[in-house]
**Student:** 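After the structure tokens below, expect a handful of questions from me.
Remember, it's 1-based here, ligands and their atoms both numbered in the order they're listed. Fair warning: this is a prediction, and the values are worked out from it, not measured in the lab. Position 1 is the first residue of the sequence; numbering continues from there.
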Amino acid sequence: MVGTQVPNDKKLTPDIKIIIRLWPFLWAKHDKEIKFRFSIAFLMLFLSKAATLLVPIFFKESVDFLSPRHGSIVVVPVFMVIAYGVARLLATGFGEIRDGVFATVSQKAVRRIGLNVFDHLHKLGLRYHLDRQTGGLSRAIERGTKGIENLFQFLTFNIAPTMIEILMVGGVLWYMYDYHVAVITLVTMVAYIAFTLIVTEWRIQFVRTMNATDNEATTKAVDSLLNYETVKYFNNEQHESVRFDKALQLYQTAAIKNRISLAFLNAGQSVIISVGLVISMLYAGFGVQNHLFTIGDFVAINAYMIQLYIPLFTLGFAYREIKIALVNISQMFELLDVPCEVRDKPDAPDLLFTKGEIIFENVDFFYNPNRPILKQVSFTVPAGKTVAIVGSSGAGKSTISRLLFRFYDTTGGRILIDGQDIRDVTQESLRKLIGIVPQDTVLFNDTIEYNIAYGSPDSSTEEIIAAATSAQIHHFVETLPEGYTTRVGERGLKLSGGEKQRVAIARTLLKKPHIFLFDEATSALDTRTEKQIQDSLKKISKNHTTLIIAHRLSTIIDADQIIVLDNGEIVEKGTHRGLLAHNGVYRAMWLRQQHQAEIQEADILPLSNSDDPTPRE
Ligand code: ATP
């Protein structure tokens, strides 16, 4: 899906504001090299235009030398012809030097802005990232940075030089001939520019639709491919294909309209140029007939006009590209303007870790005001102790871990670590303290070693192997032909759920946090491996404050305290024994799970005896 792209956004920042906002990225106040390059580039621009102006003059002189004047003998004006050639060469040469010198300036600006947007996206809250559509977002960034390149390219070295050239040529024509020639040239230029601007404005709507439909199609394709397995589960290839084709069809219609409107623009430009050229040549022709001009003058006027029309042809294109670039940049800047939901307070201090006590104090939370998720949740995880949170699916357990990690701020109440409200300290210091093994582990599309080392990128190989051993993954990795350098595939999908979870545990161990947060960290493992990992987790998290979210109650019976959450509220609290003694939710859950375990065992036993020849009733 190629073609020029304009985001479909009606509320756009005015062009001039975008350019003002871009300027600091381009000029880079403290970068002396940039200033030097700017000066050289503009000097080259001026020299190249001066050389361009000389070309028709040498051409005219050559022609006049060759025309029989007053019966004199024609001589070949070797000097003039060589000067003509040199002027042409210099015009192009200076132009090329200018582009080369300026490339560093524009590329540095592109890099600075790209990095700014990337950093900003990482600062935005989880809510933003859950709402966004990755396909559309990456297209917006891609188009934005490309837009900056185009803008610099066209604005600085196409529009500006062409305008300068038009004015200089107007002046030269006026000086060398009379104002008629200058006026014809300037009027043609003005008509051409006005027509181009008006038609281009009108055309933008087609490009905008093209862009919106392109976004739509790309998002659909990316989403569909990300869900590759689900598509197969339901045999829905045909359905996906039809959905994608619908999006492509809309793009196709918009692209055709765009192409037809472009043809109209090009045709109109050609008409204006041809009329201007004919009038000026007729004027010059009559001038020659009346002995006001020489043949050389006739040729030079023609050469000036043609010379101007060449950049003018690209002026139309450049204007379109600039317009499009500005819209794309504006959309990228809008990403920069998305406010960060969770922010450090000005001059927030780092969290001062002393013992690792966590307190949830009357915590309320909702993702959406119409649906409260946590209601007046209060509990304490004493320093060095283990607290488990259990409850039905959707009760709000993982939400508690997200709040502790400050992916969201509470909507009521507060969370304290060692007596400090986590909203008053820096997010970096808070997150450094906590090691999370999340419910759904997503890995980077890199090697196992890279993914484990992510917990602490400076770790040595020995440290990585030690963490992998504690997480019970080392032996598995050793059985792989490529060992630690095995690539795990997109989002880690080449590993099984249990293997991914163990890699996630290893990388959290490597982080060496003070507080552990296990959100169903071993749910994807079989009972035996789970038991082994539980043992090593227990060893590692000994004397560390630990919050465990668990479904399988058998994994948390040793916790110092168990909190039972139901529909966002704490309904029971106590130790495993204490809660069992009490005839409540926990006891009911425990009995249910025990019963299920018994049924499973009973199911498995007859299967394992399936070779038994005794006929069954
Ligand atoms: P499970 O045991 O199934 O993982 P949980 O107790 O961990 O469940 P949470 O993930 O905390 O449940 O979710 C609590 C509720 O909040 C659920 O009903 C869920 O649909 C809702 N929820 C979770 N994340 C969001 C979100 N980003 N936006 C809106 N609602 C959300």
**Student:** Please list the nearest protein heavy atom to atom 27 (N) of ligand 1 with its residue and the distance rounded to 0.1 Å.
**Tutor:** Leu130 CD1, 3.4 Å

**Student:** Evaluate the side-chain proximity of Ile148 to Met332: yes if any heavy-atom separation is below 4.5 Å, no if none is.
**Tutor:**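 Answer yes - side chains close enough.
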
**Student:** Identify the protein heavy atom lying closest to atom 4 (O) of ligand 1, giving its residue, its atom name and the separation to 0.1 Å.
**Tutor:**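 Nearest protein contact, heavy atoms only, for atom 4 (O) of ligand 1 is Gln439 NE2, 2.8 Å.
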
**Student:** Among all protein heavy atoms in this structure, tell me which lies nearest to atom 3 (O) of ligand 1, with the distance rounded to 0.1 Å.
**Tutor:** Ser393 OG, 2.6 Å

**Student:** Check Arg127 against ligand 1 and report side chain, backbone, both or neither, counting heavy atoms closer than 4.0 Å.
**Tutor:** neither

**Student:** Given Glu572, which partner from the list Leu565, Asp566, Val564 fulfils the side chain to side chain contact (heavy atoms under 4.5 Å, CB included) test?
**Tutor:**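 When Leu565, Asp566, Val564 are each tested with Glu572, the side chain to side chain contact (heavy atoms under 4.5 Å, CB included) holds only for Val564.
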
**Student:** Using heavy atoms and a threshold below 4.0 Å, how should the contact between Ile373 and ligand 1 be classified: side chain, backbone, both, or neither?
**Tutor:**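 Side chain only.
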
**Student:** Please work out whether the ring planes of Phe118 and His122 are parallel, tilted or perpendicular, with thresholds of 30° and 60°.
**Tutor:**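 Correct class here is perpendicular.
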
**Student:** Does some non-hydrogen atom of Gly391 fall short of 4.0 Å from ligand 1?
**Tutor:**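 It does not; every heavy atom stays at 4.0 Å or beyond.
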
**Student:** May I ask you to decide whether Glu149 forms a salt bridge with Lys146, counting only side-chain N to carboxylate O separations under 4.0 Å?
**Tutor:** yes

**Student:** Kindly give the heavy-atom pair with the smallest separation between Ala471 and Ala506, and that separation in Å.
**Tutor:** CB-N, 3.6 Å

**Student:** Under a 4.0 Å threshold between the charged nitrogen and the carboxylate oxygen, would Lys220 count as salt-bridged to Glu216?
**Tutor:** yes

**Student:** Does the pair Phe360 and Ile563 meet the rule for a side-chain contact (heavy atoms from CB on, under 4.5 Å), with working shown?
**Tutor:** CA-CA 12 Å; Phe360 271 62; Ile563 290 170; over 6 Å; no

**Student:** To the nearest 0.1 Å, how far is atom 8 (O) of ligand 1 from its closest protein heavy atom, and which atom is that?
**Tutor:**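 That would be Gly394 N, 2.8 Å.
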
**Student:** Could you check which of Lys397, Arg402, His551 puts a non-hydrogen atom nearest to atom 6 (O) of ligand 1?
**Tutor:**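 Minimum heavy-atom distance to atom 6 (O) of ligand 1 goes to Lys397.
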
**Student:** Quick one: which of Phe366, Phe407, Tyr367 has a heavy atom closest to atom 25 (C) of ligand 1?
**Tutor:** Tyr367

**Student:** Just to confirm my output: which protein heavy-atom neighbour is closest to atom 9 (P) of ligand 1, and how far is it?
**Tutor:**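 For atom 9 (P) of ligand 1, the nearest protein heavy atom comes out as Thr399 OG1, 3.5 Å.
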
**Student:** Can you list the ligand 1 atoms lying under 4.0 Å from a non-hydrogen atom of Arg371?
**Tutor:** 17 (C), 18 (O), 20 (O), 21 (C)

**Student:** What do the steps show when you test Lys385 against Glu357 for salt bridge (charged side-chain N to carboxylate O under 4.0 Å, His left out), and what is the final call?
**Tutor:** CA-CA 9 Å; Lys385 300 288 180 198; Glu357 180 196 51; over 6 Å; no

**Student:** Of the backbone atoms (N, CA, C, O) and the side-chain heavy atoms from C-beta on, which set of Tyr408 has a member under 4.0 Å from an atom of ligand 1: side chain, backbone, both, or neither?
**Tutor:** side chain

